[in-house]
Amino acid sequence: MVKKPRLLPPKSNFPEWFDQVMFLAEIADFTYPLKGCGVWLPFGWELRNNIFNVMRRLLKETGHGEVYFPLLIPEGIFMKEAHFIKGFENEVYWVTHGGLKELDVKLALRPTSETPMYHMFSKWIRSHADLPLKVWQLVNMFRYETKATRPMFRLREVTSFKEAHTVHATEEEALKQVEQAVEIYKRFFDQLCIPYIISKRPPYDRFPGAKESIAFETILPDGRTLQIGTVHYLGQTFSKAFNIKFLDRDGVEKYAYQTCYGVSERVVGSIIALHGDDHGLVLPPNIAPIQVVIVPITFKEVPGVEEYSKEVYEKLKNHFRVELDLREKRPGEKYYHWEVRGVPVRVEIGPEEMRSKTATLVRRDTFERIKTDLDDVVGKIEELFNDIKSNMENRITSWFESMVKKAETFLSLSGEAKDAVYHLIDENGEFKGGVVEVPICGDVECEMKISKFVDILGEPWERVGEVKGMCICGKPARKIVRVSKQY
RNA sequence: GGGGACGUGGUCUAGCUUGGCGGGAUGCCGGCCUUGGGAGCCGGAGGUCAGGGGUUCAAAUCCCCUCGUCCCCA
């Protein structure tokens, strides 16, 4: 029997729960007195590093080199591409002073690194043999958000911005790279047990300067969608602005084709938000900072339990990230302590286990207790890790699929609610959450009408079959768009 | 851009109306007792009441300014 926790609000109260769990699980401290900025705490930072190491591995496997570019960008470089300037003019921090002296050239704090990178790319690239160029970095970036900021999800200092940038000789190659980027992100989110949909953003919602923008979205427990990754095909927009040219085999100098793709600490927030429960975090074992915790249950009149728990620790320490909790606290308090931190497996060691040379394993995801012989404990935990991961996947996937619905039509022009709106809004007009796939004719005016009610995510990236149904305007539909409410 | 609310030990908060010893909860430290789901008891540390100025015999409290945070509307 598992008791209900007292200190953490129930997850059904998601905003409160999220803020509290960040604090109680020692992920981050957002009491720093600056809007949109927070402090990563050791446990949270380790979780963040484990998550981005999954990405690091994937990018290395696919031939991306890790780099570091400066945070400060001279104004002249920042201002080279018109779409880009326009897209970021409202949210750039500018450094204007060095000490007391006003700077001759003001400096932007990067809101993303296209401009400094592409300035350097134009120096590095001379011939087709220099291509493709594929680099990435994990850095902080700054955006002067004017809307309400939220820990992990909308920040003024994004501390963990993974941005990859590639340069190619041909459009065909660059488009192939876009597909590879999508594949990399799929594998990344799969390994983190984050469910997603992939949508092609409509032209008016593309990254500034991009020819195509593809977005990964997940759905948070309150039903709103959260963009967790983007892949952009840039064409020659930036190569022309930054003069990224190469001499091709045919002796002709040509502008290169580019792509870029990014994710941020929103993935950390998503894992916390999607898998957590009333007891706190539930983490996939592969990224959990502590994978196994051993809690000895000692009695004054029964000596030897602590020694036995150390024996168990020695058995496990070379296989897992293990913590042996010898603090002088009662077992119950320790259970709550490690549960809120999402430790996947707890090992309880008391007099009974000591006598029988066994261990009691408790799964974080289901609280199920499993007894095992000490000799089998390593294999049993490995087995449990697999079970936990697939259980987490299964239960989040079935929830997620139930949140993505298909509609036959949107709503009539008179404003009368029809199919699609019923899926998103209840009888009282309250947002129910989720995503609806709706057939539309493809005229921008119709999309504009729809976007007065909901946010348009774009068309599904995956091939869709024959499109049926009717657009808001009454004409037969020719494509599908996904709509929702976004963060 | 416009409007509103708030700022008190680490965290949360009472006190402000009507000026008069800054109190509690939680967390932290020490001790006793205990340990199979946050137990209990005793003791203790911890404060620039956001900052500055003003009114007053006296300001967390009233007035002004600044800073910061949150919320609502465009």
Side-chain angles (χ1 to χ4, degrees), chain A residues 1-10 13-44 89-91 93 144-157 222 277-282 293-310 312 324-372 430-431 451-452 487:
Chain A
M1 193 55 197
V2 179
K3 279 199 177 178
K4 289 279 164 212
R6 285 200 321 250
L7 298 176
L8 191 63
N13 180 2
F14 176 63
E16 266 294 293
W17 177 91
F18 190 81
D19 286 349
Q20 278 295 311
V21 87
M22 295 277 261
F23 182 72
L24 291 172
E26 288 174 351
I27 300 295
D29 187 341
F30 273 87
T31 61
Y32 189 76
L34 187 54
K35 186 182 167 77
C37 296
V39 180
W40 282 99
L41 300 171
F43 188 82
E89 63 186 356
N90 281 325
E91 42 187 340
Y93 280 92
Y144 185 76
E145 292 288 350
T146 51
K147 288 184 199 161
T149 57
R150 275 180 65 93
M152 296 286 168
F153 299 134
R154 178 163 276 113
L155 298 162
R156 283 187 171 174
E157 181 185 3
D222 60 5
D277 62 17
D278 286 351
H279 287 242
L281 305 188
V282 179
V293 63
I294 303 169
V295 179
I297 299 149
T298 56
F299 290 82
K300 236 168 75 181
E301 63 275 16
V302 187
V305 170
E306 197 172 305
E307 285 66 29
Y308 181 60
S309 69
K310 283 178 182 164
V312 176
L324 172 58
D325 188 353
L326 292 175
R327 293 175 303 159
E328 292 188 10
K329 293 190 179 292
R330 297 163 71 95
E333 192 182 344
K334 293 183 184 178
Y335 297 166
Y336 283 106
H337 179 91
W338 297 112
E339 278 166 7
V340 79
R341 287 163 179 75
V343 176
V345 173
R346 174 172 79 233
V347 183
E348 298 179 1
I349 299 294
E352 206 185 308
E353 287 80 2
M354 180 179 71
R355 272 186 226 108
S356 56
K357 281 269 167 194
T358 59
T360 297
L361 311 180
V362 184
R363 294 169 62 145
R364 175 62 183 88
D365 59 336
T366 60
F367 298 106
E368 186 194 349
R369 307 175 101 84
I370 301 118
K371 262 212 136 125
T372 177
E430 292 291 313
F431 177 61
S451 66
K452 284 185 185 139
Y487 261 85

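The chains referred to below are lettered A, B, ... by the order of the sequence lines, with proteins before strands, and numbering in each begins at 1.
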Exercise. Around A/Y487, counting heavy atoms of other residues, nucleotides and ligands shown, do more than 12 lie under 6.0 Å from its OH?
Worked result: yes
Problem set entry | Any side-chain donor near an acceptor of the partner, A/T358 and A/E353, under 3.5 Å | no
For this session: Between B/G23 and B/C64, how far apart are the C1' atoms? Round to whole Å, please.
Result: 30 Å
Exercise. For residues A/D325 and A/Y335, is any side-chain donor paired with an opposing acceptor at under 3.5 Å?
Worked result: no
Problem set entry | N-O pairing of A/E333 and A/R327 below 4.0 Å | no
Problem set entry | Interatomic distance at P, B/A59 relative to B/C41, whole Å | 39 Å
Problem set entry | Spacing of A/D29 atom CG relative to B/U11 atom C1', expressed in whole Å | 9 Å
For this session: Assign A/R327 to base, sugar-phosphate, or nothing according to its heavy-atom contacts below 4.0 angstrom with the strands shown.
Result: nothing
Problem set entry | Pair A/E352 + A/K371, salt bridge at N-O below 4.0 Å | yes
Seminar exercise, completed: Each nucleotide of nucleotides 24-36 of chain B classed B (base within 4.0 Å of a protein heavy atom), S (only sugar-phosphate) or -, in 5' to 3' order, makes ----------BBB
Exercise. How many Å lie between CZ on A/R341 and P on B/G38, as a whole number?
Worked result: 17 Å
Exercise. Could one point to a donor on the side chain of A/E339 or the base of B/G38 with an acceptor on the other under 3.5 Å away?
Worked result: no
Problem set entry | Base-contact (B) and sugar-phosphate-only (S) positions in nucleotides 67-74 of chain B, heavy-atom cut-off under 4.0 Å, - elsewhere | -SSS----
Problem set entry | Distance in Å, A/R363 CZ paired with A/E368 CD, rounded so as to fall on 0.5 Å steps | 5.5 Å
Problem set entry | Nearest-0.5 Å distance that lies between atom CD in A/E89 and atom OH in A/Y144 | 15.0 Å
For this session: Answer whether the closest heavy-atom distance between the side chains of A/P296 and A/L326 falls below 4.5 Å.
Result: yes
Problem set entry | Dot-bracket encoding per residue of RNA chain B, Watson-Crick/G-U cut-off under 3.5 Å, | denoting interstrand | (((((((..((((......[..)))).(((((.......))))).....(((((..]....)))))))))))).
Problem set entry | Side-chain ion pair, A/D19 and A/R150, N-O less than 4.0 Å | no
Exercise. In whole Å, what separates the P atom of B/G40 from that of B/G36?
Worked result: 13 Å
Problem set entry | Test: A/E26 and A/R341 ion pair at under 4.0 Å | yes
Exercise. Taking the same atom, C1', in B/U61 and in B/C16, what whole-Å distance lies between them?
Worked result: 4 Å
Problem set entry | Gap in Å between the two P atoms, one belonging to B/U11 and one to B/C28, rounded | 15 Å
For this session: In whole angstrom, give the distance that lies between atom CG of A/D325 and atom C1' of B/G38.
Result: 13 Å
Exercise. For the pair made of CG in A/D19 and P in B/U11, what is the distance, rounded to whole Å?
Worked result: 15 Å
Problem set entry | Between CD1 on residue A/I27 and CZ on residue A/F18, distance to nearest 0.5 Å | 9.0 Å
For this session: Using the P atom as the reference point in each nucleotide, state the distance between B/U8 and B/U69 in Å, no decimals.
Result: 14 Å
Exercise. Mind checking the P distance from B/A58 to B/U13? Whole angstroms is fine.
Worked result: 33 Å
Exercise. Salt bridge or not for A/E145 and A/R156, using N-O below 4.0 Å?
Worked result: no
Problem set entry | Inter-nucleotide C1' distance (B/G20, B/U35), Å rounded | 50 Å
